[in-house]
Amino acid sequence: MTTEYDLSPEDFADTAKAVVNACAEADTTATRIALLADAGLTGILASDSSGGMGLPVDFAVPVLHAAGAGMLAAPLLETMLLAQAFSGTRDDLATAIAIGHTKVTIAWNGELDGSAGTVDRAPLAEDCDAVLVFRRDGSAILVTLGESAEVLADDTLDLERPEARVVITAAEGPVLSAETVTELQRTAQILRSALILGAAEDSLERACEYAQDRRQFGKTLVSYQAIQHHLARQCLAVETIRNSIARSLSPHCEMPVDAARATFIGATGLGANTAETAIQIFGGMGYTWDVPLHRHLRFVRTLAAQGKAAELLDNVAQQLLSAENNKKELQRAS
Amino acid sequence: MTQTAAVASERPSPETAGDNARAWLDANLPQTLREDILQEREPSIAELSEWESKLHKAGIIGATWPKQYGGGDLGLRAHLDISREIGRTPMPESVNSIGKELAGPIILAVGNERQKAEYLPAILEMRNIWCQGFSEPNAGSDLAGLRTRAEKTGDGWVINGQKIWTSGASKSSHCLLLARTGSVEDRHRGLVLFAVDTSLPGVDIREIKSIDGARHFCEVFFNDVVVPEADMLGSPDQGWAAATRVLSIERATNRMHRAWRFENQLQHLVSACAENPATRRLVEHDYARPLAEVAVNIELLKGHVETLVGSLIDGNEIGPRGSLPKMFWSEAHQDFSKLALEIVSRFPPDMSDPLRAVKRRMEDIYIKARAETIYAGTTEIQLGIIAKRILKLNWER
Ligand SMILES: Cc1cc2nc3c(=O)[nH]c(=O)nc-3n(C[C@H](O)[C@H](O)[C@H](O)COP(=O)(O)OP(=O)(O)OC[C@H]3O[C@@H](n4cnc5c(N)ncnc54)[C@H](O)[C@@H]3O)c2cc1C
């Protein structure tokens, strides 16, 4: 792909892979964020004025793809989004986030109505300095974690980025407008899809490798057509996610907002299915803790919940049934 | 039909091709051809041919073909824009899609100048209707097992053999025929493509009634049919390469409008149901989420189609990746057809004409959708292609 920038999105793929591998060796979230920040990956979307690169979302896709494939244990998605969201209004803060000085996450579930309340689904909140909390009026506030915002470990399906609950007694901090929050949520749909794509693709690659190696009844597993077809279906699933992300970001996409939402909803189902199928292909081995397929599965299911895939599907239904829908067909995205 | 909007000299520009197509279709699609209203009878081949030649005159069909052969000289992006509008319009499928989407592109790729000049404009103007003679009784999925023989004679070729499942053969003037020069053991080698005039002596076409009650399917027998050398397409050893090219086109770009037609079918179902409290309850309450899943699948399908078009524009070959949209579409569309059938099966007995129209359309779609996972390579064959040629898996025989 050629762009008006000196770099192409693909240029980030190799760096991202190398940094994600280095992160796997690091033992704290803080070290991982520092590694990501040093490589410039946390600030890809943040503006120049806040120490970022000011690049479009396409450039973040290969990075999150690598993060998903490599089971990155850091709130990279949240960091990228917040460094971008505070660019322009709070460049000092955006810079601190982009360079990894202020470690941030987002409580994806729950809203504050007033200045106190409980929110949850905040990945790695225990290792962060601040958490973005959504408010009933559509805006959001970045609350410093501490006495007035207490982090409680929660049951968590995701092992790499354990979710926490945050009990807030006095919410104070920098605010994002409702418009910025809407934009952040939309970008998150694409970037989560990229994380899922990475997880799904790694699951598929592991399954292909295993099936070509493991022998039963005197032949490799992949010699059986049932296994070939399982793998081919998952290839279709992975390519469906990849193409849908590409379409959502293409300047030729007629309805980018609808496309991004559908991409994410689709990715959650397809991605989970790919990880589940990979577990099936590994047999008993797939059920072991040490084979990391369950980690991908846990991650995808958690991303589905954080991004509210089920609620979004209801929104699709409402839009389909709404009276304006027929007109929608003719409307062109600007 | 009274309006004849854009004429050949005012063909759309790439940027406005989609908008022009939309405006023209809105103004010119006759009521009698609309698939979303109750029709008393099926349109005749003559009516459909007339409609399609008008589509060509309006620049809607043949957009990407060179001007000298009656095309619009536009790029694939414009073709996609036009295809979207064709899909959004509840109009009949082309009766000459083999000509326009398979024979035409193949002739453009491997045909000589005389063949291009003779066949291409005739396809667009609907003077020639084509069928595809590939499958045989013993060569379906295993196409390389075909037996129809082409023997060289002094001034041409003598064809003997039998084709089957040849859609539209009884209404066609030409057959894109795949035959072999050697023996069946040669498999992919020695296959040759011909443009066969179906009125030649020795061509015997018999219709087969299909599960939808139609008689489009045919058996075609070739008994000592003499085909002039001039009607061979490409060279004798190019047959398999050309045939696989046909198949990848068939899977990938053929009927590019289908994602949007699929969307039109979904919207027709939903909007028709909205008018009556009982049917509205079905779509708003009982089936809201499954319908939303269909809408999501349609977006994902567009992702395949649009990304593939982008990749072709960037100069890439379709190759095995044509299997991805074909498989995704056929299965998603079959799933929709089952859901739609269930919904319309619950319509009240006193339903209005618009509800009756959607019921008939969805029942028809359900039956016809059975073919979608069979033709252009069955699902099992597509899965094999993906496993071998995209995933590049290695296995023992
Ligand atoms: C509506 C319709 C229109 C058509 N139009 C045309 C046309 O115009 N021209 C033309 O040439 N052909 C046409 N066809 C034929 C079509 O291409 C063939 O039907 C198709 O290729 C399958 O071949 P077959 O029918 O011989 O089935 P078979 O090849 O006998 O397959 C039967 C079943 O076995 C499965 N199978 C076969 N091989 C394998 C394998 N290796 N592994 C696992 N499963 C396998 C198949 O998936 C299928 O489920 C049309 C078919 C339909 C339904």
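The sequence lines fix the lettering, A, B, ..., with proteins before strands; numbering per chain opens at 1.
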Contact class of [X] relative to chain B, heavy atoms under 4.5 angstrom:
| X | answer |
| --- | --- |
| A:Ile227 | neither |
| A:His230 | neither |
| A:Thr240 | both |
| A:Ile245 | neither |

Using a cut-off of under 4.5 Å for heavy-atom pairs, which of [options] has the most such pairs with chain B?
| options | result |
| --- | --- |
| A:Val316, A:Leu236, A:Leu270 | A:Leu236 |
| A:Arg215, A:Arg242, A:Gln318, A:Glu205 | A:Arg215 |
| A:Thr263, A:Ile265, A:Asn243 | A:Asn243 |

Determine, step by step, whether A:Ser250 and B:Glu306 satisfy the side-chain hydrogen bond (donor to acceptor under 3.5 Å, both in side chains) criterion, reporting the C-alpha distance in whole Å, the side-chain angles of both residues, the deciding distance to 0.1 Å, and the verdict. CA-CA 9 Å; A:Ser250 157; B:Glu306 293 183 10; 5.8 Å; no
Which atoms of [X] approach chain A - backbone, side chain, both or neither, heavy atom under 4.5 Å:
| X | answer |
| --- | --- |
| B:Glu284 | both |
| B:Ser311 | neither |
| B:Arg77 | side chain |
| B:Leu266 | side chain |
| B:Ala288 | both |
| B:Glu380 | both |
| B:Ile390 | side chain |

Under 3.5 Å side-chain donor-acceptor pair for [X] and [Y]:
| X | Y | value |
| --- | --- | --- |
| A:Asp258 | A:Gln319 | yes |
| B:Thr89 | B:Arg34 | no |
| A:Glu201 | A:His296 | no |
| A:Gln216 | A:Tyr224 | no |
| B:Ser323 | B:Gln382 | yes |
| A:Thr274 | A:Thr277 | no |

Among B:Ile386, B:Leu291, B:Thr379, which residue forms the greatest number of heavy-atom pairs with chain A at distances under 4.5 Å? B:Ile386
Name the option with the most non-hydrogen atom pairs under 4.5 Å to chain A; the candidates are B:Leu383, B:Leu300, B:Ile298, B:Leu391. B:Leu383
Is B:Arg389 salt-bridged to B:Glu317, going by a charged N under 4.0 Å from an acidic O? no
Name each donor-acceptor pair under 3.5 Å that joins a side chain in residues 306-313 of chain A to protein atoms two or more places apart or in another chain, with its distance.
residue  : atom : partner  : partner atom : Å
A:Gln306 : OE1  : A:Arg161 : NH2          : 3.3
A:Gln306 : NE2  : A:Glu163 : OE2          : 2.8
A:Lys308 : NZ   : A:Asn109 : OD1          : 2.6

Derivation of the side-chain contact (heavy atoms from CB on, under 4.5 Å) call for B:Lys302 and B:Glu263: CA-CA 10 Å; B:Lys302 291 178 189 170; B:Glu263 189 169 45; 3.1 Å; yes
